[in-house]
2 protein chains.
Amino acid sequence: MKTLKIPEATIIRLSVYSRYLTQLDKKGIVNISSGEIAEGVGGSPAQVRKDLAYFGEFGTRGVGYNVRDLNQHIIRILGLNKGWKVVIVGAGNLGSALTQYKGFRERGFEVVAVFDNDVNKIGLTLNGVPIFPITKLREVVKEQEARIGIIAVPSKYAQDVADHLVESGVKAILNFAPSVISVPENVELRNVDLAVNLEILTFNLALKKNYD
Amino acid sequence: MKTLKIPEATIIRLSVYSRYLTQLDKKGIVNISSGEIAEGVGGSPAQVRKDLAYFGEFGTRGVGYNVRDLNQHIIRILGLNKGWKVVIVGAGNLGSALTQYKGFRERGFEVVAVFDNDVNKIGLTLNGVPIFPITKLREVVKEQEARIGIIAVPSKYAQDVADHLVESGVKAILNFAPSVISVPENVELRNVDLAVNLEILTFNLALKKNYD
DNA sequence: CTCCTTTTGTGACAATTATAACATATGCAA
DNA sequence: TTGCATATGTTATAATTGTCACAAAAGGAG
Ligand SMILES: NC(=O)c1ccc[n+]([C@@H]2O[C@H](COP(=O)([O-])OP(=O)(O)OC[C@H]3O[C@@H](n4cnc5c(N)ncnc54)[C@H](O)[C@@H]3O)[C@@H](O)[C@H]2O)c1
Ligand SMILES: NC(=O)c1ccc[n+]([C@@H]2O[C@H](COP(=O)([O-])OP(=O)(O)OC[C@H]3O[C@@H](n4cnc5c(N)ncnc54)[C@H](O)[C@@H]3O)[C@@H](O)[C@H]2O)c1
């Protein structure tokens with residue numbers, strides 16, 4: 001397996017394929033073709049095959065793919081077979097929702113702790129996940145060997161929290177605050193900006209002018 | 001202004017530029033160059049100018065851009081000068097967080113109603129926003145002239161809710177349920193899948209193998 | 001065993017998107 | 001008024017990503 005540069009769009013699609021395959025597996029479906037996957041997730045059969053081709057040969061010509069087997073391969077490609085531990089900083093509206101989100105666990109992520117600096121929240125639990133004072137971040141991250149941190153504090157504090165997460169040993173950060181933050185090169189960073197998503201919608205509506 | 005096909009990446013960046021310009025404007029900064037914008041949001045000056053060039057000429061050669069003026073132009077490009085009304089379906093963990101999210105209003109979005117089918121939630125308000133029974137969706141959407149709907153119900157019901165939103169006259173949908181849904185061509189759809197975002201992070205970590 | 005159908009894997013091609021280079025316009029100073 | 005410094009807008013070039021067509025492999029029928 002060579003380390004060609006893989007398009008990020010390919011990774012996004014693989015993640016979606018995997019979710020779809022998991023559904024099919026639960027329904028007891030054993031075999032599937034690239035065309036059926038494409039139809040299921042909204043794409044083209046060639047795209048599906050090309051995406052998979054970056055990583056190897058997982059199908060059987062004339063037959064298709066074994067659902068469970070292919071899913072296992074994608075899960076391994078995405079690194080989900082490790083069981084990642086996640087910490088969330090900010091036990092507000094969003095942080096609480098994320099902590100209780102079952103979808104993460106289903107994909108191999110375990111939220112082990114939430115951190116806040118509000119004394120009224122510290123000590124409580126969210127769905128069994130304890131809320132610690134932010135001062136314990138380093139200790140808990142080290143002890144639990146958490147590798148992923150989620151930022152759910154007001155933008156103003158996002159960079160501080162990011163620095164703190166990095167310093168604690170976290171290797172990847174998902175940032176929900178709508179602000180540009182910077183981290184060392186060896187730390188992965190992704191920003192999720194929900195307003196941006198709405199604005200893409202309004203741009204397209206404004207372009208079409210058929211919204212009234 | 002011709003209607004060339006604008007890359008979606010350009011729209012995402014414009015949205016980020018605008019957020020940054022709003023910050024600068026609040027700080028009282030009047031002028032800015034493409035290089036400074038690039039530095040502020042993490043990009044290249046050429047990229048900034050190219051993105052803007054799709055829509056017109058907003059700067060002065062040798063000088064740069066007027067912060068407020070440029071921001072107004074981008075806001076207009078993104079269609080944010082209209083004041084969009086938004087409805088949210090699902091008053092659970094995520095739906096509640098989104099309803100109370102101040103970041104939407106700051107960008108010109110107004111959440112006018114939330115809908116649920118849980119009798120214990122109906123009649124309550126979230127930050128002043130009323131929770132209606134899902135059966136009132138059509139009526140409220142029509143009356144308020146809401147054009148955007150957000151789906152925050154379990155995946156299982158996402159397609160049903162989408163159909164219902166479309167039937168009610170909504171023209172754009174932001175879907176948070178991790179499932180593939182389909183809508184008529186004339187309705188804009190975007191999916192936000194948070195697990196996918198984490199999986200991109202783990203893919204990159206797994207690739208680098210330096211996470212331990 | 002051979003042919004035929006099916007569907008993969010892949011290499012060539014096309015389209016899109018980003019980068020870089022530069023000519024053009026502006027303001028200022030002398 | 002002229003020349004210079006600066007930063008834009010635009011054109012050309014490079015890189016990336018997606019599409020298409022087809023050869024190769026597999027399995028089943030006869
Ligand atoms: N609510 C949403 O749906 C939503 C959507 C998209 C993005 N966001 C973003 O997510 C972030 C959180 O939003 P929210 O609505 O949950 O806000 P919130 O005010 O409900 O919660 C913020 C929490 O962070 C805590 N906090 C503040 N500073 C802290 C620090 N330095 N260390 C630790 N904890 C700290 C606060 O005590 C509070 O509990 C914001 O940046 C917001 O822009 C929120
Ligand atoms: N919690 C999160 O942080 C999070 C993150 C990403 C995605 N999501 C997705 O968002 C969706 C909602 O997640 P949640 O955690 O808020 O779940 P939740 O169970 O807390 O809330 C779901 C709400 O939807 C309501 N509902 C169910 N069916 C409905 C229907 N047909 N019409 C109207 N209302 C209905 C329920 O009464 C409930 O109030 C899910 O698809 C989930 O996968 C959630």
Side-chain angles (χ1 to χ4, degrees), chain A residues 1-17 21 24 29-71 73-74 77 200 203-204 207, chain B residues 1-17 20-21 24 29-74 77 200 203-204 207:
Chain A
M1 171 174 124
K2 328 208 183 71
T3 310
L4 294 165
K5 241 208 65 213
I6 315 292
E8 183 172 291
T10 289
I11 305 307
I12 294 172
R13 286 189 296 265
L14 284 177
S15 177
V16 175
Y17 301 159
L21 291 169
L24 295 179
I29 294 169
V30 177
N31 291 302
I32 194 167
S33 69
S34 58
E36 290 168 304
I37 295 175
E39 201 184 359
V41 303
S44 79
Q47 182 86 265
V48 171
R49 295 200 298 275
K50 192 73 181 289
D51 286 336
L52 296 172
Y54 283 108
F55 302 96
E57 306 187 6
F58 308 115
T60 308
R61 298 182 187 211
V63 178
Y65 305 88
N66 175 281
V67 170
R68 188 170 299 174
D69 182 58
L70 178 59
N71 198 16
H73 273 108
I74 298 178
I77 289 165
I200 295 168
F203 171 78
N204 288 325
L207 210 64
Chain B
M1 173 174 122
K2 326 204 187 72
T3 311
L4 295 164
K5 243 208 59 214
I6 316 291
E8 184 173 288
T10 289
I11 305 308
I12 294 172
R13 285 189 297 263
L14 284 177
S15 176
V16 175
Y17 302 159
Y20 183 59
L21 292 169
L24 295 179
I29 293 169
V30 178
N31 291 302
I32 194 167
S33 68
S34 59
E36 291 169 303
I37 295 175
E39 201 184 357
V41 305
S44 78
Q47 181 87 265
V48 171
R49 294 199 298 276
K50 189 74 179 292
D51 286 337
L52 295 172
Y54 284 108
F55 302 97
E57 305 186 6
F58 309 115
T60 310
R61 299 182 187 208
V63 178
Y65 305 88
N66 174 281
V67 170
R68 190 170 300 174
D69 182 60
L70 178 59
N71 197 17
Q72 284 305 313
H73 273 107
I74 297 178
I77 291 165
I200 295 168
F203 171 77
N204 288 323
L207 211 63

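Per chain, numbering begins at 1; letters A, B, ... match sequence-line order. Below, each value reflects all heavy atoms present in this structure, side chains not excepted, and no hydrogens, waters or symmetry copies.
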Quiz item: To the nearest angstrom, how far is Asn66(B) atom CG from dT26(C) atom C1'?
Solution: 15 Å

Self-check item: Spacing of Glu57(B) atom CD relative to dT11(D) atom C1', expressed in whole Å
Solution: 14 Å

Quiz prompt | Contact summary for Ala38(B) and Ser44(B), nearest pair of heavy atoms | solution = CB-C, 3.5 Å

Quiz item: Just how far, in rounded Å, is P of dG18(D) from CD1 of Ile12(A)?
Solution: 10 Å

Quiz item: Does any non-hydrogen side-chain atom of Ile74(B) lie less than 4.5 Å from one of Leu52(B)?
Solution: yes

Quiz item: Between dT6(D) atom P and Asn31(B) atom CG, what is the distance in whole Å?
Solution: 16 Å

With 3.5 Å as the limit, what N/O pairs link the protein to nucleotides 24-27 of chain D?
{"from": "dA24(D)", "atom 1": "N3", "to": "Arg61(A)", "atom 2": "NH1", "distance (Å)": "3.0"}
{"from": "dA26(D)", "atom 1": "O4'", "to": "Arg61(A)", "atom 2": "O", "distance (Å)": "3.3"}

Quiz item: Quick one: Phe55(A) CZ to dT10(C) P, roughly how many Å, whole number?
Solution: 14 Å

Self-check item: Shortest non-hydrogen contact from Leu21(A) toward Val67(A)
Solution: O-CG1, 3.5 Å

Quiz item: Under 4.5 Å between any side-chain heavy atoms of Glu8(B) and Ile200(A), yes or no?
Solution: yes

Exercise. State, with a plain yes or no, whether a side-chain heavy atom of Ile6(A) is found less than 4.5 Å away from one of Phe203(B).
Key: yes

Quiz item: Can you tell which of Phe58(B), Tyr65(B), Tyr17(B) makes a ring pair (Phe, Tyr, Trp, His ring centres under 6.0 Å) with His73(B)?
Solution: Phe58(B)

Quiz item: Would you say a side-chain N or O of Tyr65(A) is under 4.0 Å from OP1 or OP2 of dT6(C)?
Solution: no

Quiz prompt | Intermediate values then yes/no, side-chain contact (heavy atoms from CB on, under 4.5 Å), Tyr54(A) and Leu14(A) | solution = CA-CA 11 Å; Tyr54(A) 283 108; Leu14(A) 284 177; over 6 Å; no

Self-check item: Between dT8(C) (P) and Leu52(A) (CG): distance, integer Å
Solution: 10 Å

Quiz item: Taking CG from Leu14(A) and P from dT17(D), how many angstroms apart are they, rounded to a whole number?
Solution: 14 Å

Self-check item: For Pro45(B) against Gly35(B), the heavy-atom pair lying closest together
Solution: CG-CA, 3.8 Å

Listed pairs, N/O of protein and of nucleotides 15-22 of chain C, under 3.5 Å:
{"from": "dA18(C)", "atom 1": "OP1", "to": "Arg13(B)", "atom 2": "NH1", "distance (Å)": "3.2"}
{"from": "dA18(C)", "atom 1": "OP2", "to": "Arg13(B)", "atom 2": "NH2", "distance (Å)": "3.2"}
{"from": "dT19(C)", "atom 1": "OP2", "to": "Gln47(B)", "atom 2": "NE2", "distance (Å)": "3.1"}
{"from": "dT19(C)", "atom 1": "O4", "to": "Lys50(B)", "atom 2": "NZ", "distance (Å)": "3.1"}

Practice problem: Calculate, to the nearest 0.5 Å, the distance between atoms CD1 and CG belonging to Ile37(A) and Leu70(A) respectively. | Solution: 5.5 Å

